[in-house]
Amino acid sequence: MKRSYEYQRRHDCIVSILREATGKREVILNDGGSHADFATTQAFVEAKGLKQSPLQWATGFVKQYADQIASQAGATVEAKGPYINFHLDETYLPAALAEAVKAGYGTLPKSDERVVIEHTSANPNGPLHVGHIRNSIIGDTLVRCFRTTGKKVEVQYYVNDMGRQIAIVVYGFDHLDTGALPDEKPDHHIARVYIAANRALEQDPSVVDEVNQLMQKVELGVPDVVRRFRSAVGRCLEGFEVTMHRLSVSHDRFVWESEFIRNGDTDRLFGRIKRIPEYREDGKVWIDLTAEGFEKEYVLRRSDGTSVYAARDLAYHIWKARNFDRMIDVLGADHKLIGAQLIATLRLLGEKFPEIVHFEFVSLPEGSMSTRAGKFVSADELMDEVTMKAYDEVTSRRSDLDEDSRRRIAHSVAIAAIRYDIVKVSPEKSTVFDWKEALNFERQSGPYIQYAHARACSILEKAGDFDFAFELKTPHELLLARHVARFPAVIEDVVNELKPHLLAAYARELADHFNAFYHFDPVLQSEGMSRRSRLTLVLAVRNTLSEALGNLGIDAIRTM
RNA sequence: GGGCGUGUGGCCUAGUCAGGACAGGGCGUCAGCCUCCUAAGCUGAAUGUCGGGGGUUCAAAUCCCCCCACGCCCGCCA
């Protein structure tokens, strides 16, 4: 299990020594915080079984393993009472910094593992709003981190192009469309049509019949209806792509749900599913998942013979399972039940199943968002507002820059603010959208981290050429270098735990440490070995910040 | 009614899965810092029943039970 970076190598080495000492596979090795590089409370656990005091065990461990820990992990070990602390030796930080100054710090060698990550997949019935882009940003950050760890990633958008909501949109275009407004994006236009059609639906029951007929016709493949669905959905997706491109989010493939009807996959699924014992047919077709802990019938086909979303979703995942080693879906919390049912059914079929990252909802101060009711803050509107604010900020700070540069910086700053604001919160937390937070460019914001990076760039530019040196002395230098050394492990944590917010926290801490460092330890004014060491450290930090920002989908701008 | 998730100073949030050494940050408030590498910065101060109550443990924000509040889900919708 050889890994390529210094921090992890030493960490893993200590872990294996702890395993040897305890005879256990699961051992405790934590980050040592301010008092050590690593620490363990293993003594408490071991002492219990051996009728020793934790203190005795800790002391015994240190006595027996100190030499091995020194020679293999390059660390000294001490028992601080029952706590065991590990301090990495003086070769550690120079070795780690030598890695950090190289381009691509944190990346791992290419592997053949094929991963498909599905994210966003919003229904094409209106523009992406701040809830949808939580999905996009979590998904896109995962994509970037997976690619950094060498995985072959394909990013997919699953297009729900045959649902009731699209039928409503098509109905609206047939009867209620008044055309796009000047400069209106197609997705925003579709939202207006969708809202109007929903209003008609509420007022006139006969509209329901027409919508139902549209849905049946599209499943049967009636050419004219299929064409109208495709056209509406396609136009909405064009709008989405503009929005996502602006947010630095991209997909490799848009997979249309209706494909799984047209290509026969859904029919083949029904053929297979008949053979599992949980299959039920009583007019409708459904799966009995009570043994898996689901009370409700998991319906796959209506009694009128048409398939429901769940069936097409199963067909989609079976197709993904055939083509990829690992599947990751980023879905809203409203999909928890359907996601669990999907997984349960795939298991019954003996297929690979996806790992699902669920995120809780973003609501507005006045309540939950609704495309149908027209109650949402669109991603486009958000980016417009934040970009304007960013432009004002840049203009007031940097009147020396030309218009074009200020526009470019404002764009990067705005996207940084939005992406960071969203990705920093752990996905299981539901949030209320707050304009004040979105427009804040101070600490714990994307721009704050960009700023630290720009400062580092500025220092290096002024410094000119220098030779690397690795003599770190001050507390700020040491703290900063230790943090730099952890970066590759953070990327791995994000990928292993599917938690992009860990990277957001890391990048912010790195910026904090860097700010403290250059405030107290002058770089350009220092001389000799100290100056060269500090410049090397600044280079390592700049590189690490740049890599971290890149993985967060934020531009690492050199000036701002 | 059942399931899932969340509840951490006035507000937002990390830490909870793998229990341990003073619960980290930020916003806001107050007091300071631009003859000094970009003040989107830095320093200091005040502010906490970690929703409530039981329990397990040498040790609980973290594990178990009960309760409360909020969000989401429970369709032959997607």
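Order of the sequence lines fixes the chain letters, A, B, ..., with proteins taken first and strands second; residue numbering starts at 1 for each chain. Atom set for the values below is all heavy atoms of this structure, side chains included, hydrogens, waters and symmetry mates excluded. Everything numeric here is computed off the predicted structure, so don't read it as measured data.
Distance A:Met215 CE to B:A78 C1': 8 Å, rounded to the nearest Å. One interatomic measurement links the two molecules: CD of A:Gln525 to P of B:C36, which rounds to 10 Å at whole-angstrom precision. Between the P atom of B:C76 and the CG atom of A:Asp282 lies a distance of 11 Å, rounded to the nearest Å. Between A:Lys462 atom NZ and B:U38 atom C1' the separation is 7 Å, expressed in whole Å. In this entry the distance linking CZ of A:Phe359 with P of B:G71 reads 18 Å, nearest Å. Atom CZ of A:Arg398 is separated from atom P of B:U38 by 9 Å (rounded to the nearest Å). We find that CG of A:Asn515 is positioned 12 Å from C1' of B:U38, with the value rounded to whole Å. As rounded to whole Å, 13 Å separates atom C1' of B:C77 from atom CD of A:Gln341.
Between A:Phe361 and A:Thr431, the residue whose closest nucleotide on RNA chain B is further toward the 5' end is A:Thr431.
A:Asp265 places none of its side-chain heavy atoms less than 4.5 Å from the side chain of A:Tyr316.
Residue A:Phe520 is in sugar-phosphate contact alone, with no base atom involved, counting any heavy-atom pair closer than 4.0 Å across all strands shown. Heavy atoms of A:Ala333 sit under 4.0 angstrom from primed sugar atoms or phosphate atoms, though from no base atom. Residue A:Val394 is classed as a base contact, given a heavy-atom separation below 4.0 Å to a base. When heavy atoms are screened at a 4.0 angstrom cut-off, A:Glu297 is found touching no nucleic acid atom at all. At the heavy-atom level, A:Val523 lies under 4.0 Å from base atoms of the strands shown. Counting any heavy atom pair closer than 4.0 Å across all strands shown, A:Val413 reaches a base atom. Among the atoms of the strands shown, base atoms are found under 4.0 Å from some heavy atom of A:Ala454. Across all strands, A:Ser426 comes closer than 4.0 Å only to sugar-phosphate atoms, never to a base (heavy-atom distances). Among the atoms of the strands shown, only primed sugar atoms or phosphate atoms (P, OP1, OP2) are found under 4.0 Å from some heavy atom of A:Tyr448. A:Lys284 comes within contact range of at least one nucleobase, with a heavy-atom separation under 4.0 Å. Among the atoms of the strands shown, none is found under 4.0 Å from any heavy atom of A:Arg531. As judged by a 4.0 angstrom heavy-atom cut-off over every strand, A:Asp31 is placed among residues making no nucleic acid contact. Nucleic acid contact for A:Met560: base, since at least one base atom lies under 4.0 Å from a heavy atom of the residue.
Here the separation of B:G10 from B:A18, taken at their P atoms, is 32 Å to the nearest Å. A distance of about 12 Å separates the C1' atoms of B:U29 and B:C11, rounded to the whole Å. Taking the P atoms as reference points, B:A61 lies 13 Å from B:G53, given to the whole Å. Spacing between B:C70 and B:G54 at atom C1', rounded to whole Å, works out to 23 Å. Across B:U16 and B:G24, the matching C1' atoms stand 14 Å from one another, rounded to whole Å. Distance check on atom C1': B:G32 versus B:G55 gives 50 Å, rounded to whole Å. Look at the P atom in both B:A69 and B:A46: the space between them is 37 Å, to the nearest Å. Nucleotides B:C66 and B:G2 are separated by 11 Å at their P atoms, to the nearest Å.
In this structure, B:C34 is classed as syn because its glycosidic torsion stays within 90° of zero.
Using modelled atom types, one side-chain atom of A:His317 and one backbone atom of A:Asp313 make a donor-acceptor pair closer than 3.5 Å. The backbone N or O of A:Lys436 lies less than 3.5 Å from a partner atom in the side chain of A:Asp434, making a donor-acceptor pair. Within the 3.5 Å criterion, the main-chain N or O of A:Pro124 finds no donor-acceptor partner in the side chain of A:Asn160.
Nucleotide B:G9 forms a pair with no other nucleotide shown, judged by Watson-Crick or G-U wobble geometry with both contacts under 3.5 Å. Across all strands shown, B:C17 has no partner, as no Watson-Crick or G-U wobble contact with both distances under 3.5 Å is found. The partner of B:U62 is absent, by the rule that a Watson-Crick or G-U pair needs both atom distances under 3.5 Å. In a base pair of the Watson-Crick type (N1 to N3 plus N6-O4 or O6-N4) or a G-U wobble (N1-O2 and O6-N3), with each distance short of 3.5 Å, B:G75 is matched with no nucleotide. The partner of B:A45 is B:U29, by the rule that a Watson-Crick or G-U pair needs both atom distances under 3.5 Å.
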- Task: Check the pair A:Tyr157 / A:His119 against ring pair (Phe, Tyr, Trp, His ring centres under 6.0 Å), numbers first and verdict last.
- Result: CA-CA 6 Å; A:Tyr157 187 117; A:His119 71 73; 7.9 Å; no
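Judged by distance alone, the side chains of A:Ser412 and A:Gln450 never bring a donor and an acceptor atom under 3.5 Å apart. Counting only N and O atoms by type, the side chains of A:Ser458 and A:Arg558 include no donor and acceptor under 3.5 Å apart. Side-chain N/O atoms of A:Tyr391 and A:Arg406 include a donor and acceptor closer than 3.5 Å. Residues A:Ser405 and A:Asp402 have side chains that bring a donor and an acceptor to within less than 3.5 angstrom of each other.
The aromatic rings of A:Tyr309 and A:His335 sit perpendicular to each other, their planes meeting at more than 60°, with 30° as the lower class boundary. Taking the six-membered ring where tryptophan is involved, the planes of A:Phe86 and A:Phe61 are perpendicular, since the angle between them exceeds 60° and thus also 30°. Classification of the A:Phe514-A:Phe517 ring pair by plane angle, with boundaries at 30° and 60°, yields tilted.
In this model, the phosphate group of B:G15 is approached by a side-chain N or O of A:His501 to a distance below 4.0 Å at OP1 or OP2.
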- Item | Heavy-atom protein contacts under 4.0 Å, nucleotides 18-31 of chain B, coded B base, S sugar-phosphate only, - none | B-BB---BSS----
Find every protein N or O atom lying less than 3.5 Å from an N or O atom of nucleotides 8-11 of chain B, and list the pairs.
none

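Two rings, from A:Tyr420 and A:Tyr448, have their centers 6.0 Å or more apart.
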